[in-house]
Amino acid sequence: MIKQRFGFELLCEWNRWAGQRGKVLLLLLGFSIVSCLFALVLRVGDALFFANPSWVGSQAQFYTVSAAYDDRRQAGVSRQTIESLEALPFVQAASWLRVINVDFRSASYPLYQPQALVFDDHLPHLLALDFPASESLQTGVWLTDRYWRETFQHDRRVVGSTLSFDKIPEGVPIRGILPPKFDRIGPWQPDIWLPEAYLNYMTPFAAQSEMMVDQFLRTVPAYYGFFSTERPLDIAAFTDELRASDFSVQGMQMQGHGGEIQVYQGIVLDDQARALLERLWQFSLLLVLGLAALFALTAFMSFSNRTLLLSEEYRLLQTLGARSWDLLRPVAMAALVQIVAISLVSLLLTLVTYQLLTQSFDDSVLAPVLRGSLGLNYWWVSMLVVSCIYLLASLFPLLSLRKRQLFSRVMGTHRSTAQLLFGQASLVFQLGLAMVTVVSATQLFKQQQAMFQPLGFDAAVTKVNVRSHGGRLPIETIETFGMNDTGRAHFAVSLSPFDAPYTIEVGTQEVGFATQFEIHNVSRNYFEVLLSDSAVHAEDWQSGVVMNRTAANFFENNGYAIQPGTTIDLGPITGTHAVHAVLDDVRHRGRFSAALPALYLPIAGKGSGANYTLYMALPEMLTRLPQYLDQHLLDASMSTPLSLGELAAQHERKAQQLFYFSLLVVGVMLAGIVLTLNYQVRARLQLERSDYGVLLAIGAPVSALLAKAFRPIAIALVIAVALTTLGYLVVGAELALPVFSGLSIIAVVCVGAIALGATYFPVARLTKTEVVTLLKQD
Amino acid sequence: MTNLLTLTHVARQFGKEDNRFTALHDIDLEVNDGDTLAIVGPSGSGKSTLLSILGLLDRSYTGTYALKSTDVAALDSKQLAQLRNREIGWVFQNFNLINHLSVLHNVVLPMRYNSTIAKDTYQQRAMAVLEQVGLVDKAQAKPTELSGGQQQRVAIARALVNAPSLVLADEPTGNLDSATGAKITELLMSLAATGTTVILVTHDPVVAAACGKVLQLKDGSIVA
């Protein structure tokens with residue numbers, strides 16, 4: 001050690017942090033968290049603003065053309081519109097996709113109108129889609145990985161088999177299974193991918209009427225177009241140009257859906273979700289920057305205070321002949337070692353957090369931007385920024401030593417005006433941030449509470465999913481199965497899982513608006529079994545649709561009054577139905593998920609299926625169930641019974657993860673603020689300990705000491721309140737944030753209490769020290 | 001005797017304009033190799049100010065200061081640091097040892113800033129000066145484990161380790177009892193025999209009497 005310069009200087013630095021190593025550890029952890037969060041924000045930001053979706057293989061710049069509504073929802077445009085793009089000189093290539101439900105069936109597995117993503121022949125080439133090798137992309141069907149797993153039970157033998165379809169006698173061959181990245185495309189989770197040629201069989205016209213079919217397919221506004229250009233495009237001007245153009249097809253007229261043509265930069269299929277993600281991203285970035293600023297200020301203040309406390313040692317070293325670099329070098333080396341520690345913890349945190357995020361939000365709005373690997377380049381950028389901040393915070397305070405007189409009668413712990421101002425600004429920032437954090441946390445809690453609604457069903461009901469490869473469940477008799485003396489039904493059935501019904505788009509061409517509706521095909525006694533006091537009874541509900549309150553509100557908000565008997569057209573597959581009743585929302589995915597518009601259709605006349613979900617209001621019925629199934633179904637397999645309450649709880653846990661994650665961020669931030677405030681007070685007390693010793697010596701009460709210590713914080717709190725209020729006045733209106741509300745008062749009181757607590761304990765500790773010790777200047 | 005340092009018309013003022021205060025007036029001084037000089041005088045007479053100028057800690061003076069025939073005003077901060085490191089050894093009233101380092105490391109410290117000394121010789125040289133001050137057995141101890149007298153001897157060892165021409169001591173016995181103070185004074189005076197010049201500031205007439213020369217200051221001027 002005597003001969004080694006680096007080892008010796010690192011040892012000195014280690015010794016100089018004596019008594020403050022816990023704080024250094026917290027700082028390192030804080031910077032690790034900042035680096036981790038910053039890397040994640042960069043990753044999400046890149047995916048959101050610059051990169052193509054993970055299912056697109058090409059890195060080229062594309063544009064999307066679709067229709068758009070005022071609320072940023074998207075809808076399709078006509079194929080005529082997209083085909084006209086190809087004629088433009090600056091457009092290199094154009095292609096499209098469309099989503100449609102098709103009535104394909106399988107001899108071995110039950111299919112229920114799988115959702116097909118129909119693609120143009122050019123699409124795989126244009127977007128460099130990673131389709132499995134196949135002889136032809138013009139015929140056949142590709143299964144998505146999710147659909148293959150869920151519906152075909154991982155059966156590899158289905159590749160090469162044929163799906164049947166009424167209008168195609170030879171059937172549709174299954175070409176392959178797509179990689180998981182094709183599971184989610186924009187807002188859709190398609191079941192299959194289908195070449196455009198099959199659209200000819202999915203029109204109101206016979207496939208042989210080629211002209212009519214072609215005109216219909218070119219007119220129907222259901223396509224999302226993609227195109228590439230030779231040079232960057234002025235999107236606004238091009239959108240205006242398209243809106244002014246006539247894309248009608250001669251001989252075919254169709255009612256529009258009310259949206260206007262819009263060109264987007266990049267592959268954009270769910271602009272509404274993207275807008276939400278953009279807001280979430282901006283909020284996250286703000287939080288990360290706030291956290292980074294907090295830790296940067298804390299680090300700067302820590303190193304600054306440390307330099308003051310060590311000023312006598314530094315002065316001695318300079319007296320002994322040390323030059324500025326001799327003083328900077330050990331600090332820089334120690335900072336580099338600390339940065340290595342930060343990077344190791346940060347890397348671990350980033351990898352684990354990203355893994356957790358991708359698992360937790362696999363089926364949420366975040367899923368599209370969390371697909372694929374993390375990409376360590378984001379982490380490197382983040383670490384570079386954090387390292388620079390840490391190095392600057394470490395070394396900057398030492399620069400003041402260069403200007404200092406070595407001969408001075410003034411104690412080395414004197415703070416310059418700039419340091420005092422900086423410390424005060426740091427306090428203002430921390431307290432302001434704490435107030436914003438408290439307001440955000442309270443708002444988050446309020447939103448979560450507001451979303452909380454009763455389940456709307458009997459949580460004790462047990463459900464079992466049943467699969468069968470043969471036989472027929474007598475749905476007509478299910479209403480009476482399990483009927484006891486009370487007259488209440490105890491056994492109901494639905495064709496789709498309770499929490500995962502299939503969805504259809506209601507609206508589009510017919511009604512001038514569009515949204516996704518859940519479709520539940522259920523036995524007529526479904527509500528009697530699931531609701532203890534249902535207004536819908538099996539004997540009354542012979543036909544028609546039961547809709548939930550959200551669905552009815554949706555129609556009513558779009559100018560369609562819903563009453564029993566009102567007829568609604570749900571498209572060619574689902575058909576036209578009269579409204580039987582409107583019921584309160586049933587929270588199929590727990591109490592923290594917003595209810596979607598839902599329609600319940602009776603399956604009494606629908607024959608049989610092969611996937612069933614059975615509901616039992618009496619637990620003892622479970623023992624009778626296997627025997628009952630053996631009588632009616634061949635080779636039936638049964639899932640583990642689960643109460644609907646447990647099922648809802650699973651969803652609620654998932655829904656609350658985001659809430660808890662946000663609370664965690666808020667908690668980390670508040671804890672960081674409390675710790676840094678506490679440290680700043682302690683550092684100030686340390687520097688002014690002889691002043692406090694004098695006050696104690698002349699008999700000052702503890703309250704006087706507390707007042708002296710709290711004064712700068714109180715001043716900072718007043719300034720922070722003023723600045724925060726000003727900030728809310730400026731941006732609050734846009735974000736609909738209340739400026740003067742109970743929340744603001746709660747935030748000020750909370751932060752004031754936190755600041756007072758952070759001041760009180762160090763002062764109380766100081767008063768327990770011997771006055772003589774305080775007065776001694778070492 | 002060779003001249004070590006010369007001060008010519010050196011003056012030092014503190015403060016600005018209305019609050020200007022003159023700490024030293026027109027000081028002329030010559031000190032030779034091997035001299036022992038005591039600077040005495042009442043509080044506020046300018047003793048410590050003069051010592052800090054001699055020790056190259058204070059450059060805000062007027063007049064000329066030549067150390068080893070070099071006008072120190074012409075040196076930049078890097079050269080000053082080098083000169084301070086190689087030619088001057090400091091002993092302070094409060095010892096000013098670094099408490100988180102061992103005695104040995106405290107003594108080695110000045111050598112780390114002296115590129116003319118090979119790293120391999122650090123330990124040997126440090127142990128040699130510790131032997132000179134009688135503290136070899138305390139080499140691994142921390143300063144806080146030593147008595148005041150022992151700490152001051154460590155400070156002297158540190159001052160000597162680079163073999164400086166000049167040792168400056170600011171009230172070296174001020175924090176010590178009389179017996180220990182006498183031993184420290186004896187140690188400092190013994191340095192002169194090896195050709196090292198010793199200049200010390202003291203209030204203690206016994207210490208001043210041990211020195212070959214005494215410089216008395218009053219109100220910033222030499223009175224004797």
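Quick note on labels: first sequence line is chain A, next is B, and so on, each numbered from 1.
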With chain A as the partner, which of [options] has the greatest number of non-hydrogen pairs under 4.5 Å?
options	answer
B/N114, B/T121, B/N96	B/N96
B/P110, B/A81, B/A118, B/G89	B/A81
B/V108, B/I88, B/L109	B/L109

Can you tell which part of [X] gets under 4.5 Å to a heavy atom of chain A, answering side chain, backbone, both or neither?
X	result
B/L104	side chain
B/N162	neither
B/R158	side chain

Measuring from atom OG of A/S324 to atom CG of A/L398, what distance do you get when rounded to the nearest 0.5 angstrom? 9.5 Å
Do A/S426 and A/Q430 have a side chain donor and acceptor closer than 3.5 Å? yes
Carboxylate-amine/guanidinium contact A/E13 A/R329, below 4.0 Å: no
Do any N or O atoms from the side chain of B/D33 and from the backbone of B/L4 form a donor-acceptor pair under 3.5 angstrom? no
Describe, in one word, how the ring planes of A/Y390 and A/F31 are oriented to each other, choosing from parallel (under 30°), tilted (30 to 60°) and perpendicular (over 60°). perpendicular
